[in-house]
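These notes concern the structure reproduced below.
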Amino acid sequence: MIVSGNPRRKDNEDGLPDSSFSKWDKGVYRQRIGEDEAARRRAAIMAEQWGFQLAEKHRDTPDPR
């Protein structure tokens, strides 16, 4: 079965897509880089995503001048 248009990504035995980043991997990642650094990186990613969303919103809004 093809998932998300990627022919190499198949479902596992439970019918759920295999994930390359499980909840256990997140714990190891946080231990490896530290909780503060993980929080900083999450905040930076969220800010970048918010900036893109805001730019898209403004792009579609006519200039009030």
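For reference, positions follow the sequence shown, starting with 1.
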Which distance, rounded to the nearest 0.5 Å, do you find between the [atom1] of [X] and the [atom2] of [Y]?
X	Y	atom1	atom2	result
Arg40	Ile45	CZ	CD1	9.5 Å
Phe52	Arg59	CZ	CZ	12.5 Å
Lys26	Arg42	NZ	CZ	9.0 Å
Met46	Gln49	CE	CD	6.0 Å

